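Data block below; observations after.
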Amino acid sequence: MGNYVDRFNTTDRILHWVVAISFFLLLLSGLGLFAHTFFNYFSLFGNPQQGIMVHKWAGIVFFIFSILLFLRHAAETCRFDADDRRWIVKVGGYLSRKRQEIPQGKFNAGQKLFGIFSGVATLVMGATGLIIWDPTAYLRELTQFALMLHGLFFTLFMVGMVVHIYLATVGNPGTLEGMLWGRVTKGWARKHASKWYQKVVKG
Amino acid sequence: MKRKAFLIDTTLCTACRSCQVSCKQWNKLDAEATVNRGSYENPPDLTPQLYNQIHFIEQDQNNDMRWLFINRRCMHCADAGCVKVCPSAGALYHTKEGLVAYNQDKCIECHYCVNGCPFDVPRYDAKKKVTKCHACIDRVQNGLTPACVKGCPTGTLQFGDRDRLISDAKAAGKKLYGENDLGGLGVMYVLDDEPGTYRLPKNPAIPASIFFWKDVVKPLGILGFWGAIGVAALHYVTVGPKRIEDTDDDQHSKGGE
């Protein structure tokens, strides 16, 4: 492998991309329900009724795979040490051009926080989505609250996703390769996840 | 166009239910089988085939029967929860007379309006489309009164310019329900008791969670999306990406394995 080190195996990558694709399906099929401005997105699915149908089934796929993805990495993402706390205080060094060395494990503290948020948000979206699936089957107050929470967590999820996509692509060159082909350069590993890299090197 | 409204003086109602029947006839709504529940009220609630209903309040007061009646229906709010939550523009809308009508062809069957209404009025029919009182907009726009008003023999139901109805009622010394709530209701009542007795909310308002969803979360969502993209772009051109510098690889050649 020479200059490369393995980061994500095939199962990791398939889980991640099923989650990503179903997220975008949910986004496109749900925008029309979010605001009048986006109503025309339903035409991507033929008509609004079909769009809503796609939204419901994509929701099931997203829920299952997102939870699986979370559980797969839960041991890593839910453990924070002193370096992680330093990373959070310095916002990963993203606010300055100065080079900062904050040793990180396989995932940095920001990725861990996003992973935990995704897990929680998936549960909230799933539970509220199930209620809105048939909006007249429950107490009115419950459905109204579910509609509000579903919208609120959609907003948070989408903002988180914009940040996630930026940092995983142009913001940190070389990161996307790990999720596309499973490997990153050794230089990347030393810069972004030095503690993880040391462990990999030592075997 | 001046805003039109109903004024329903419950003190004049004899519960003859002409309004229910006239509405069903004009709107070609099918009859439904009901059961005797030991009450004169029938049917017991609004249905997809019943746009307005006489609700009976039957109270035992010292062995005396106290009977109150109220015509329940869509309240045609100016600030209407159903219009607020409906994702499909034009499925539920305000007519130029200020009444809340709907177009079933545009209804996308999401049922949101059922939950957005402060008065629990909209119903869904067998075709899974929204139904409710639309104030016989087809009649009104041709200079006629709604069918229920036409059928009312006691003058309980009135329909006309909203301002006129209010000033006339006030001149007669009557207290109105719904004059200012939700931007002013399109159905105002003269009541013989507290609103709660008639199962009407004392201060009707759009449910708090519906307000928060549509007036806070929705604009924040749109702002959040463009804001996050803006912040990312700003970061890219100011701080810039975290490139892997040559020194990273130098370390590698020095360190060996």
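Proteins come first, then strands; the chains are lettered A, B, ... in the order of their sequence lines, and each starts at number 1. In this text the structure is predicted, and so the values were computed from the model without any measurement.
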*Using non-hydrogen atoms and a 4.5 Å limit, figure out which bit of Leu156(A) sits close to chain B: side chain, backbone, both or neither.*
neither
*What part of His150(A) is in contact with chain B, defined as an atom under 4.5 angstrom from a non-hydrogen atom: side chain, backbone, both or neither?*
neither
_With a 6.0 Å cut-off (strictly less than), is the heavy-atom count around OH of Tyr41(A), excluding the residue itself, greater than 12?_
no
_Heavy-atom pair count under 4.5 Å with chain A, highest-scoring of Gly116(B), Cys110(B), Ala208(B)_ = Cys110(B)
_Using heavy-atom distances under 4.5 Å, tell me whether Phe34(A) contacts chain B through its side chain, its backbone, both, or neither._
both
*asked:* Can you confirm whether Lys195(A) is buried at NZ, in the sense that more than 12 heavy atoms of other residues, nucleotides or ligands lie under 6.0 Å from that atom?
replied: yes
*Straight-line distance of Phe225(B) CZ to Leu31(A) CG, nearest 0.5 Å*: 8.5 Å
*chain B contacts, top residue of Leu152(A), Val162(A), Leu147(A) (heavy-atom pairs, under 4.5 Å)*: Leu147(A)
*Distance, nearest 0.5 Å, that separates CZ of Phe38(A) from CD1 of Ile222(B)*: 4.5 Å
*Between atom NE2 of His36(A) and atom NZ of Lys218(B), what is the distance when rounded to the nearest 0.5 Å?*
6.5 Å
*Below 4.5 Å from any heavy atom of chain B, which atoms of Tyr94(A) appear? Answer side chain, backbone, both or neither.*
both
*Mind checking the NE2-CG spacing from His235(B) to Leu95(A)? Nearest 0.5 Å is all I need.*
6.5 Å
_Taking the side chain as everything from C-beta on, heavy atoms only, tell me whether Val163(A) gets closer than 4.5 Å to Val231(B)._
no
_Distance check, rounded to the nearest 0.5 Å: Thr155(A) atom OG1 versus Leu220(B) atom CG?_
7.0 Å
*Is the count of non-hydrogen atoms from other residues, nucleotides or ligands lying under 6.0 Å from Lys106(B) atom NZ greater than 12?*
no
*asked:* Taking every non-hydrogen pair under 4.5 Å, which of Thr175(A), Asn172(A), Leu33(A) racks up the most with chain B?
replied: Leu33(A)
*Around atom CZ of Arg79(A), are there more than 12 heavy atoms of other residues, nucleotides or ligands at under 6.0 Å?*
no
*Between Thr136(A) and Tyr124(B), is any pair of side-chain heavy atoms under 4.5 Å apart?*
no
*For Ala228(B) against Val159(A), the heavy-atom pair lying closest together*: CB-CG1, 4.1 Å
*Who wins among Ala146(A), Pro48(A), Pro135(A), Gly93(A) for the most heavy-atom pairs under 4.5 Å with chain B?*
Pro135(A)
*Picking from Gly227(B), Cys117(B), Gly240(B), which has the most non-hydrogen pairs under 4.5 angstrom with chain A?*
Cys117(B)
*chain A heavy atoms under 4.5 Å from Cys107(B): which part of the residue, side chain, backbone, both or neither?*
backbone
_Residue Thr238(B) versus chain A: region with a heavy atom under 4.5 Å_ = backbone
*asked:* Quick check for you: to the nearest 0.5 Å, what is the distance between Ile229(B) atom CD1 and Met158(A) atom CE?
replied: 8.5 Å
*Given a strict heavy-atom distance threshold of 4.5 Å, which part of Tyr112(B) is in contact with chain A: side chain, backbone, both, or neither?*
side chain
*Give, as side chain, backbone, both or neither, the part of Ile52(A) having an atom under 4.5 angstrom from any heavy atom of chain B.*
side chain
*For Phe145(A), look at atom CZ and say whether over 12 heavy atoms of other residues, nucleotides or ligands are found less than 6.0 Å away.*
no
*Taking Gln144(A) for the side chain and Ile210(B) for the main chain, is one N or O donor matched with an acceptor at less than 3.5 Å?*
no
*Heavy-atom pairs under 4.5 Å with chain B are the metric here; pick the option from His192(A), Arg140(A), Gln49(A), Arg97(A) that has the most.*
Arg140(A)
_Trp57(A) atom CH2, neighbour heavy-atom count above 12 within 6.0 Å_ = no
*For Lys242(B), does its backbone N or O pair with a side-chain atom of Arg99(A) as donor and acceptor, under 3.5 Å?*
no
